[in-house]
Peer 1: 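Sending over a structure as structure tokens; questions will come in a sec.
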2 protein chains.
Amino acid sequence: MPAPLYLQIREILIARMATGTFRPGHPLPSEFALAAELNVSQGTVRKALDTLAADNLVIRRQGLGTFMPEATAERALFQYFRMTGADGESLIPVPISEDISTHPAPAHLASRLSVAENAPLIRIRRVRALRHAPATLEDIWIDPQILPMPANGAPLPNALYTHYQRAHNISIARAEDFVSATAAPAHVAQAISIPQDAPVLLVRRDAYDLTGRLVETRESYFHTDGIGYSVTLR
Amino acid sequence: MPAPLYLQIREILIARMATGTFRPGHPLPSEFALAAELNVSQGTVRKALDTLAADNLVIRRQGLGTFMPEATAERALFQYFRMTGADGESLIPVPISEDISTHPAPAHLASRLSVAENAPLIRIRRVRALRHAPATLEDIWIDPQILPMPANGAPLPNALYTHYQRAHNISIARAEDFVSATAAPAHVAQAISIPQDAPVLLVRRDAYDLTGRLVETRESYFHTDGIGYSVTLR
DNA sequence: TAGTGGTCTAGACCACGCA
DNA sequence: GCGTGGTCTAGACCACTAC
């Protein structure tokens, strides 16, 4: 049995976003235009667009159109940055330092990123502040085969997802977080000025693009003094 | 400007679930029956039901009907228990001990539960195992004015949300989690057999019913050895 | 004013679960 | 076979945005 029409339409639209037929920040064709082109009714296109909007893969604005989302810093913050104050107040991370280098893939990351053990991986290590104090160290690992990067030298844009989208037309569509508690390793403790072995949050994140491909994995350590990972369950 | 019809219908249906007109585990009237009764088209009822289904407030089953969800143990696990293994494997908590008592509301909880400081609150302290080892201690706080409980004595059902729904017709509709890392307090360390001050996850949860009222707040400590809090962001 | 998405309706047919 | 929700269509009108 074939998939329902509106899901077929959905996949077509996702493919067009993934391949660059539609461009981030730009409107998609109108519902009627898509319906005419794809030989379905406008209601079916609407249903496909509604499912995409529910997954934050498009943004609908009455009177304006349906837009492919742009990976702005604001969007990354709102959608993917989950750290807040104890009362839910939103926090803004401020970059302190950043270091790009290449390393052989550690065993526990190689399988996650589907590369051979010891294959070269790019590692971005950065320290950021929350509430004017250093609070997090992150290691971001990417496969240079998917996302080439200046291994040394050229500065990196503030929001990485913006870079992925602009330079490589890779849009982050979904992230899986795994949150645990651990004792701060020495390099983390030193970077964010806390005692070694102090309790810290460790957030492991796998980020996937529109085609479902894993494009980045990161390990973020957070000092959780009046700060925590917030999420709503329904 | 009035709210759209389908949102008005949505609120009516929520109210009927909250007041017991619809019963957990039972089907709602069919789309056509509701449409006829509420003087709207079947399509409008469908849209209202779709938004409810998206929030897990009803369950739709083709050929059977649309059901008000029952707060079963399985459902509580699947929907609200976020702890998994490092590879995402789901874990099942096994009760080890449970203790019900009454305490004056601590300051930091009184405001959250909207009761006076030192007003009597019921506290359920329980210890549970994951993978056959004690792994979590939880303190669950409720206002006896909302959810009366046998302060001492009578045993409690395994799944608390089941009890809320069966005995008081209160369905949990939404939960807000705030996850941080902390050093294990003495009573936690002792209960789950880890060294005092070992890093543990602390999950603070506020749970709301169908009317948006906060009915429970809990603080859960987890030993995160190969275990973590998992969530997908879109 | 023109064009977009948002709401609402009406009706047809399909897929599923059960008696 | 019957009743349920699921899909698909067609068309009308509203609300918002830009020009």
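Naming: A, B, ... by sequence-line order, numbering from 1 per chain.
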Peer 1: Ignoring hydrogens and geometry, is there a side-chain-to-backbone donor-acceptor pair from Thr136(A) to Tyr221(A) under 3.5 Å?
Peer 2: yes
Peer 1: Rounded to whole angstroms, how far apart are CZ on Phe67(A) and P on dC16(D)?
Peer 2: 17 Å
Peer 1: Salt bridge check, Arg16(A) against Glu37(A): does any charged N sit closer than 4.0 Å to a carboxylate O?
Peer 2: yes
Peer 1: Restricting to ring-ring contact (aromatic ring centres under 6.0 Å, His included), what partner residues turn up for His168(B), sequence neighbours left out?
Peer 2: His163(B)
Peer 1: Quick check against the 3.5 Å criterion: does Thr217(B) have a side-chain atom that pairs as donor or acceptor with the backbone of Arg205(B)?
Peer 2: yes
Peer 1: Is it true that Asp206(A) and Arg112(A) make a salt bridge, defined as a side-chain N closer than 4.0 Å to a carboxylate O?
Peer 2: yes
Peer 1: Give, ordered by number, those residues of residues 58-65 of chain A having at least one heavy-atom distance below 4.0 Å to an atom of DNA chain C; if nothing qualifies, reply none.
Peer 2: Arg60(A), Arg61(A), Gln62(A), Gly63(A), Gly65(A)
Peer 1: With ring-ring contact (aromatic ring centres under 6.0 Å, His included) as the criterion, how do Phe222(B) and Tyr229(B) come out once you've worked through the C-alpha distance, each side chain's angles and the decisive distance to 0.1 Å?
Peer 2: CA-CA 9 Å; Phe222(B) 291 92; Tyr229(B) 184 100; 8.2 Å; no
Peer 1: Does a side-chain N or O of Tyr6(A) approach OP1 or OP2 of dC8(D) to a distance below 4.0 Å, or not?
Peer 2: no
Peer 1: Is it true that the side chains of Ser230(A) and Thr84(A) contain a donor and an acceptor less than 3.5 Å apart?
Peer 2: yes
Peer 1: Within residues 28-38 of chain B, which residues have any heavy atom lying less than 4.0 Å from an atom of DNA chain D?
Peer 2: Ser30(B), Glu31(B)
Peer 1: With a 4.0 Å cut-off on N to O distance, would you call Asp50(B) and Arg60(B) a salt bridge?
Peer 2: yes
Peer 1: Does any residue of residues 20-27 of chain A have a heavy atom under 4.0 Å from DNA chain D, and if so, which ones, in number order?
Peer 2: none
Peer 1: Contact list please: residues 41-49 of chain B against DNA chain C, heavy atoms, distance less than 4.0 Å, in numerical order.
Peer 2: Ser41(B), Thr44(B), Lys47(B)
Peer 1: Partners of Phe22(B) by ring-ring contact (aromatic ring centres under 6.0 Å, His included), sequence neighbours excluded?
Peer 2: none
Peer 1: In whole angstroms, how far is the C1' atom of dT7(C) from the CG atom of Asp50(B)?
Peer 2: 14 Å
Peer 1: Mind listing the closest non-hydrogen atom pair of Tyr161(B) and Ala207(B) along with its distance?
Peer 2: OH-CB, 3.9 Å
Peer 1: Does some side-chain heavy atom of Gln165(B) sit less than 4.5 Å from a side-chain heavy atom of Ile170(B)?
Peer 2: no
Peer 1: Would you check if the side chain of Gln42(B) reaches a backbone N or O of Phe32(B) as a donor-acceptor pair within less than 3.5 Å?
Peer 2: no
Peer 1: Which whole-number value in Å describes the distance from Asn39(A) CG to dA10(D) P?
Peer 2: 11 Å
Peer 1: Ignoring hydrogens and angles, tell me if any N or O in the side chain of Thr19(B) forms a donor-acceptor pair with the backbone of Ala15(B) under 3.5 Å.
Peer 2: yes
